[in-house]
There are 2 protein chains.
Amino acid sequence: MAKRSVHGQMEILDEHTSAHIAELFTAFGDTSRVRILSCLSMGEQNVGALAKSVGISESAVSHHMRQLRHLRLVSTRKAGREVYYRVDDPHILTLFWQGVNHIREEE
Amino acid sequence: MAKRSVHGQMEILDEHTSAHIAELFTAFGDTSRVRILSCLSMGEQNVGALAKSVGISESAVSHHMRQLRHLRLVSTRKAGREVYYRVDDPHILTLFWQGVNHIREEE
DNA sequence: TGGATATATGAATAATTGTTCCGCCGAAAA
DNA sequence: TTTTCGGCGGAACAATTATTCATATATCCA
């Protein structure tokens, strides 16, 4: 049997899979989205609240949320005219905070 | 005492920290670098081998490696005129493969 | 020494991405 | 119904980024 790494991987990742993985990490690869995700870690928030916390326009938040939505990293709950976003998959938050902690340990 | 999430975080991440975190994830946010890292998961490789595996020029690989080097995600060993790259921090590979597995579970 | 090889680097170009601005829609309030 | 408000979406612009090309450096071999 061929050699395997500790992560269960043997061959180089194919172009298609790699592109998807890159997309996922790209979602975490922007200062504003990092801050948005740190907000959402504390619980669901609507667009206005996120905009105020992060310090960017509501439109900008909305664009970021669309991206996160398409990657299915967040889901929504509509209450009246407000839309509340949340991160429903705990694995996503784990992944995110591992990155955060890596940076924190370096400083 | 104020409410805390399971990840030990309470406040929104500041601009400066967020920028560093975004940088880290951006390193994983490119198809070629994802493939490079999947190669390096199997052990150290020189630039030429990476270029052949990933299917891009040696120059392109070199540029990517510089970025990974500056973020201290890889380190080097020089043997003659070849430069071998490796990922020395196992936490980095864990982070990377958690992303990979997330995508794999989705498909 | 001279030529070939492996990698690095800078500049230029091409492609992608974040934000702003504007208008739109649907829900609530008047 | 009309107005207001929260959020969405497209187009345009600015900024960033990946790749290529040309050149440079260092090492090996003849």
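In what follows, every chain begins at residue 1, and chains take the letters A, B, ... in the order their sequences are listed. Side chains are part of it too, since the values below use all heavy atoms of this structure and drop only hydrogens, waters and symmetry mates.
An OP1 or OP2 oxygen of C/dC21 is reached within less than 4.0 angstrom by no side-chain nitrogen or oxygen of A/S59. Phosphate contact (OP1/OP2 of D/dT19, side-chain N/O of B/R33, threshold under 4.0 Å): absent. Between A/Q67 and C/dT17 there is no side-chain N or O to OP1 or OP2 distance below 4.0 Å. Distances shown here put every side-chain N or O of B/T26 at or beyond 4.0 Å from the OP1 or OP2 atom of D/dT17. Distances shorter than 4.0 Å separate some side-chain N or O of B/S57 from OP1 or OP2 on D/dT20. Of the side-chain N and O atoms in B/R69, none sit less than 4.0 angstrom from OP1 or OP2 of C/dT7. Regarding contacts with the backbone of C/dA6, every side-chain N or O of B/Y85 stays at 4.0 angstrom or more from both OP1 and OP2. Regarding contacts with the backbone of C/dA6, every side-chain N or O of B/N46 stays at 4.0 angstrom or more from both OP1 and OP2.
If you check the side chains of B/R69 and B/Y85, you find a donor sitting under 3.5 Å from an acceptor. Side-chain polar atoms of B/Q45 and B/R86 form no donor-acceptor pair below 3.5 angstrom.
Rounded to an integer number of Å, the gap from CG of A/L68 to P of D/dC8 is 12 Å.
Each of C/dG18, D/dG10, D/dG7 was ranked by its minimum atom distance to the side chain of A/E82; first place goes to D/dG7. Checked against C/dT19, D/dT19, C/dT9, the side chain of B/S62 finds its nearest nucleotide in C/dT9.
Ion pairing of B/K52 with B/E58 is absent here, as no side-chain N (NZ or NE/NH1/NH2) approaches a carboxylate O to less than 4.0 Å.
By the neighbour-count criterion of 12 heavy atoms within 6.0 Å, atom CZ of B/R72 is sparsely surrounded, having that number or fewer from other residues, nucleotides or ligands.
Within 4.0 Å of B/Y84, counting heavy atoms only, lies no atom of the nucleic acid at all. Among the heavy atoms of the strands lying under 4.0 Å from A/H63 is at least one base atom, whether or not backbone atoms are also near.
With hydrogens and angles ignored, a donor-acceptor pair closer than 3.5 Å exists between the side chain of B/R81 and the base of C/dT5.
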